[in-house]
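Below you'll find the structure, written out as structure tokens, and then a few comments.
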Amino acid sequence: MTQISAQDQRFEREALSCLPDVSRYALSLTREQSEADDLVQETFLRAYTNWHQYNAGSECRAWLFTICRNQFLRTRKRGSRSVRMDDAALESLASSRVFASAHESGLDRLFEQREIREAVEAAIAELPEAYREVALLVDVHDQSYDAVSQVLGVPIGTVRSRLFRARRILQEQLLAHARDAGLAGAGAGDASGDQR
């Protein structure tokens, strides 16, 4: 067996087995199936070309996610979006109030029901990019904070902070959806307690 075929077998075994995960991640980045397909193809082409740089025994999925994200950022026209970073203490208080209100209304279990899958997907899609990336990698693709830190090239503290804010925004959006759908009272999840 030649070195090339052994290398190809290793690529197939370790990298190609991650194809479904990378495909879902690419689709979550592009939000368009044909663009996601192109991104996945480019990701695996780059991975195969640079397979010699992959450290055997390391997390291949995280390595592929990094390539996918970097390729996405290279090919995409970046808008001048900015993410407002509020005071962490205020974020924590607001999140606690939203959760407490949802719990008091019996809505804390609502987030687990299948019927709201589309609402969850829409809420995630509306997140600012920096928050959406972290929420998708941690909560949807089950990556560790350390792996997400490597994929995004940011410190773990930034990953935690962005994830916390993303989850708070998602709580608010999903509670608003529950109110609109008649699943909750008008004041449920409203941090100010105002009735709508």
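In this chain, residues are counted from 1 in sequence order.
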*State, yes or no, whether a side-chain contact exists between Thr75 and Asp38 at a heavy-atom distance under 4.5 Å.*
no

*Report the C-alpha distance between Val138 and Arg167 in whole Å, list the side-chain angles of each, state the deciding distance to 0.1 Å, and finish with yes or no for side-chain contact (heavy atoms from CB on, under 4.5 Å).*
CA-CA 11 Å; Val138 173; Arg167 287 175 175 168; 4.0 Å; yes

Using distance only, find each side-chain donor-acceptor pair of residues 21-29 under 3.5 Å and give its atom names and separation, not counting sequence neighbours.
from: Asp21; atom 1: OD1; to: Arg24; atom 2: NH2; distance (Å): 2.3
from: Asp21; atom 1: OD2; to: Arg61; atom 2: NH1; distance (Å): 3.4
from: Ser23; atom 1: OG; to: Leu19; atom 2: O; distance (Å): 2.9
from: Ser28; atom 1: OG; to: Tyr25; atom 2: O; distance (Å): 2.6

*Run through Glu129, Glu42, Glu133 and flag the one making a salt bridge (charged side-chain N to carboxylate O under 4.0 Å, His left out) with Arg69.*
Glu133

_Gap separating the CZ atom of Arg46 from the CD atom of Gln53, nearest 0.5 angstrom_ = 11.5 Å

*Can you list the residues that meet the side chain to side chain donor-acceptor pair (under 3.5 Å) rule with Gln41, with sequence neighbours excluded?*
none

*Do Trp51 and Leu45 share a hydrophobic cluster, counting only Ile, Leu, Val, Met, Phe, Trp and Tyr and linking them when any side-chain heavy atoms are less than 4.5 Å apart?*
no

*Roughly how far, to the nearest 0.5 Å, is CZ of Phe65 from SG of Cys18?*
7.5 Å

*Are any non-hydrogen side-chain atoms of Leu127 and Leu136 less than 4.5 angstrom apart?*
no

*Ile67, Leu73: one ILVMFWY side-chain cluster at the under-4.5 Å cut-off?*
yes

*Give the minimum heavy-atom separation between Ser34 and Glu32, together with the two atoms involved.*
OG-OE2, 2.8 Å

_Nearest 0.5 Å, please: how far is CD in Glu59 from CG in Leu64?_
9.0 Å

*Please list all pairs passing the ring pair (Phe, Tyr, Trp, His ring centres under 6.0 Å) test where one or both residues lie in residues 27-47, with sequence neighbours left out.*
none

*Got Arg162 and Arg165 here, is their nearest side-chain heavy-atom distance under 4.5 Å?*
no

*asked:* Would you compute the distance between atom OG1 of Thr43 and atom CG of Leu39 and round it to the nearest 0.5 angstrom?
replied: 4.5 Å

*Quick one: pull up CH2 in Trp63 and SG in Cys68 and give me the separation to the nearest 0.5 Å.*
12.5 Å

_From Ile156 atom CD1 to Gln150 atom CD, the distance as rounded to the nearest 0.5 Å_ = 8.0 Å

*Nearest heavy-atom pair of Val151 and Ala62: which atoms, and what distance?*
CG2-O, 3.4 Å

*Under 3.5 Å, side chain of Ser149 to main-chain N/O of Tyr145, donor-acceptor pair present?*
no

_I need the minimum non-hydrogen distance between Pro20 and Leu16, along with the two atoms involved._
CD-O, 4.5 Å

*pair Tyr54-Arg10: side-chain heavy atoms closer than 4.5 Å*: yes

_Ser161 side-chain N/O to Gly157 backbone N/O, donor-acceptor pair under 3.5 Å_ = no

*With side chains defined as the heavy atoms from C-beta onward, is the minimum distance between Arg168 and Tyr131 less than 4.5 Å?*
no

*Please lay out, stage by stage, how Leu152 and Leu137 fare under the test side-chain contact (heavy atoms from CB on, under 4.5 Å).*
CA-CA 10 Å; Leu152 300 179; Leu137 288 168; 4.0 Å; yes

